[in-house]
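If you read the sequence from its start, that first residue is 1, and numbering goes on from there. This one's a predicted model, so the numbers in the text were calculated from it and none came from an experiment.
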Amino acid sequence: MKQFVVAVVGATGVVGTEMIKMLEELKFPVSELIPLASEKSAGKVIEFNKKNVKVKVLNEDSFKGVQVALFSAGSSISETYAPLAVKAGAIVIDNTSFYRMDKDVPLVVPEVNAADVKKHKGIIANPNCSTAQMVLALKPLYDKWGISRVVVSTYQATAGAGKEAMDELALQTASIMNGKGPGVPRKFSKQIAFNVIPQIDTFLENGFTKEEMKMTNETKKIFGDDSLDVVATCVRVPVFIGHSESLNIELKKPFKDIAEIREALRTVPNLVIVDEPEKKGYPTPIETADQNDTYVGRIRRDFSVPSGVALWNVSNNLRKGAAFNAVQIAWELVNQKLI
Ligand code: NAP
Ligand code: 12T
């Protein structure tokens, strides 16, 4: 089998670390791995397929001979370096928000729109973590009944905001427990330990946050349907890894019973139903540690509208929300013979 030179930009971050793990776990055919980061991490050693690989400093010449470049070092790095990687002949799979809504860049969740990968002009975007796990559950309902509207509230882990954000939750918790108080918040707008914060990313003129509008706009793009409306409230909770979502989905056509909805959800790859509430059968973020699958539970009829479904959706935001989806896209390039 053909093998590829793969660069990971942001290799030492929480997402980049998972990307390298995913390349290994999903057996992506890598002939050479090039981990890239800032000066701070130069020379750091990473283990990949039982070999030690040294982290290199990202620069303009980093992409010579690279065929696939996975980016996860923030929007401004992608803005500057993704075009350079493409110029050097690489296909970029970008995990930042920078190119997601660009009309020349496909935005892909393989279980939903794998065919869009072939429209790429060098860059393919990975959706926002909250969007990715949600669209997995929407897909079979959209196909069978149509969806007119989704109301979603998220409960997002600190890992979504990077390593320093996770450290803030840990250190603040310890400091409070040791009677020293929370200290001054740095990565978050307010205390995150023992609290919840109804703000992720910055506020827009319409009163929503950027994170909330990403869920609206990215979902329309992934389904290729501007009439599919999502209205979101995104909330940060004191969880390290794993985002949860409460979804209220309004279907266009009536469904018979919840068994029919369950049957449809069961057809989605990498989506698992855990729904025996009486026996503690519902997913929680802790249980998504090291999992690539997304979980749904608490599936019930939303009696407040004519054809509504309410459900609970949980996923490891570093996997389906980032690294797993990115390496799935890389595999699509191979399987669709685009590389
Ligand atoms: P993180 O843990 O803070 O890691 C940041 C990574 O970027 C580190 O490897 C860091 O290298 C590298 N980096 C920072 N500045 C750099 C520079 N000037 N040159 C080269 N490398 C640089 O953050 P993370 O959570 O992994 O997230 C990284 C990005 O991924 C975010 O900014 C976001 O855009 C995106 N993201 C997307 C999703 C999603 O929803 N799909 C989820 C989470 C994150 P050093 O260790 O050397 O500093
Ligand atoms: N602000 O990739 O803070 O659009 O949890 C992902 C996660 C942006 C993104 C977060 C964010 C993104 C967060």
Side-chain angles (χ1 to χ4, degrees), residues 8-22 24-25 35 37-47 55 72-75 77 95-97 126 128-130 132-133 153-202 209-211 233-246 282-295 312-326:
V8 174
V9 180
T12 53
V14 286
V15 173
T17 304
E18 294 292 309
M19 283 174 160
I20 291 168
K21 208 184 283 176
M22 288 292 98
E24 190 167 329
E25 189 180 309
S38 78
E39 304 270 0
K40 206 178 82 190
S41 307
K44 206 178 148 191
V45 174
I46 280 175
E47 197 186 293
V55 175
S72 191
S75 284
I77 300 285
N95 198 45
T96 75
S97 57
N126 223 24
N128 176 262
C129 35
S130 303
Q133 71 184 73
S153 299
T154 71
Y155 305 72
Q156 296 184 220
T158 53
K163 193 179 174 315
E164 288 172 18
M166 297 174 80
D167 290 345
E168 185 157 311
L169 171 59
L171 296 172
Q172 208 171 66
T173 305
S175 177
I176 291 167
M177 295 309 283
N178 285 316
K180 293 184 189 143
V184 181
R186 294 168 60 89
K187 293 295 284 185
F188 298 112
S189 56
K190 298 202 182 197
Q191 177 182 326
I192 184 64
F194 310 104
N195 203 8
V196 299
I197 305 172
Q199 177 185 357
I200 296 178
D201 214 333
T202 53
T209 60
K210 274 192 188 167
E211 184 81 350
T233 304
C234 293
V235 180
R236 187 83 63 190
V237 295
V239 165
F240 287 107
I241 295 175
H243 290 354
S244 308
E245 301 180 343
S246 157
Y282 38 76
T284 66
I286 287 278
E287 292 143 6
T288 68
D290 296 322
Q291 298 295 313
N292 298 333
D293 288 335
T294 295
Y295 296 85
W312 176 246
N313 173 308
V314 185
S315 193
N316 181 329
N317 56 301
L318 301 177
R319 296 289 180 87
K320 187 59 196 172
F324 176 55
N325 200 70

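- With contacts defined as side-chain heavy-atom distances shorter than 4.5 Å, the pair N313/T294 qualifies.
- Shown here is E287, whose CD atom has more than 12 heavy atoms of other residues, nucleotides or ligands within 6.0 Å.
- You'll find the side chain of K163 stays beyond 4.5 Å of the side chain of T12, heavy atoms only.
- Across S75 and S97, no two heavy atoms sit closer than the pair OG-OG, 3.4 Å.
- A heavy-atom distance below 4.5 Å is found between the side chains of P285 and V314.
- To the nearest 0.5 Å, atom CD1 of residue I197 and atom SG of residue C234 are 13.5 Å apart.
- The two residues P238 and N195 have their closest heavy-atom pair at CD-O, 2.8 Å.
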#### Entry: Step-by-step side-chain contact (heavy atoms from CB on, under 4.5 Å) determination, D290 to N316
CA-CA 8 Å; D290 296 322; N316 181 329; 5.7 Å; no

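- Taking CD of E168 as the reference point, atom OG1 of T173 lies at 10.0 Å (rounded to 0.5 Å).
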Taking distance alone, no hydrogens or angles, what donor-acceptor pairs closer than 3.5 Å link side-chain atoms of residues 175-191 to residues at least two apart or in another chain?
| from | atom 1 | to | atom 2 | distance (Å) |
| --- | --- | --- | --- | --- |
| S175 | OG | G181 | O | 2.5 |
| N178 | ND2 | A174 | O | 3.0 |
| Q191 | NE2 | A193 | O | 2.8 |

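- Here the CZ-CG distance, from F324 to L318, works out to 13.5 Å after rounding to the nearest 0.5 Å.
- Annotation: the span from N126 atom CG to N325 atom CG amounts to 4.5 Å, rounded to 0.5 Å.
- Side-chain contact between S72 and V9: absent, with no pair of heavy atoms (C-beta onward) separated by less than 4.5 Å.
- To the nearest 0.5 Å, atoms OG1 (T158) and CD1 (I241) are separated by 8.0 Å.
- Under the side-chain hydrogen bond (donor to acceptor under 3.5 Å, both in side chains) criterion, E245 pairs with no residue at all, not counting sequence neighbours.
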### Task
Could you go through the side-chain contact (heavy atoms from CB on, under 4.5 Å) check for E18 and R319 one step at a time?
CA-CA 7 Å; E18 294 292 309; R319 296 289 180 87; 2.5 Å; yes

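- Panel note: side chain H243, backbone A157; a donor-acceptor pair is recorded below 3.5 Å.
- Remark: D201 pairs with K214 by the salt bridge (Lys or Arg N to Asp or Glu O under 4.0 Å) rule, at least two apart or across chains.
- By the 6.0 Å contact criterion, CG on L171 is enclosed, its count of non-hydrogen atoms from other residues, nucleotides or ligands being greater than 12.
- Using a 4.5 Å heavy-atom threshold, the side chains of N317 and Q156 count as separate.
- Atom-to-atom distance recorded for R236:CZ and T154:OG1 is 8.5 Å, nearest 0.5 angstrom.
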### Message
Could you walk me through whether N95 and M19 satisfy the side-chain contact (heavy atoms from CB on, under 4.5 Å) test, starting with their C-alpha distance in whole Å, then the side-chain angles of each, then the deciding distance to 0.1 Å, before giving a yes or no?
### Response
CA-CA 10 Å; N95 198 45; M19 283 174 160; 4.0 Å; yes

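- Counting heavy atoms from C-beta outward, F240 and I286 have side chains that stay 4.5 Å or more apart.
- Within the 3.5 Å criterion, the main-chain N or O of P283 finds a donor-acceptor partner in the side chain of W312.
- Residues V239 and Y155 have side chains not in contact (no heavy-atom distance under 4.5 Å, counting atoms from C-beta outward).
- T17 places no side-chain N or O within 3.5 Å of a backbone atom of V14 that could act as its donor or acceptor partner.
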### Query
Should E47 and E24 be marked as a side-chain contact (heavy atoms from CB on, under 4.5 Å) after you check the CA-CA gap, both sets of side-chain angles, and the distance that decides it?
CA-CA 10 Å; E47 197 186 293; E24 190 167 329; 5.6 Å; no

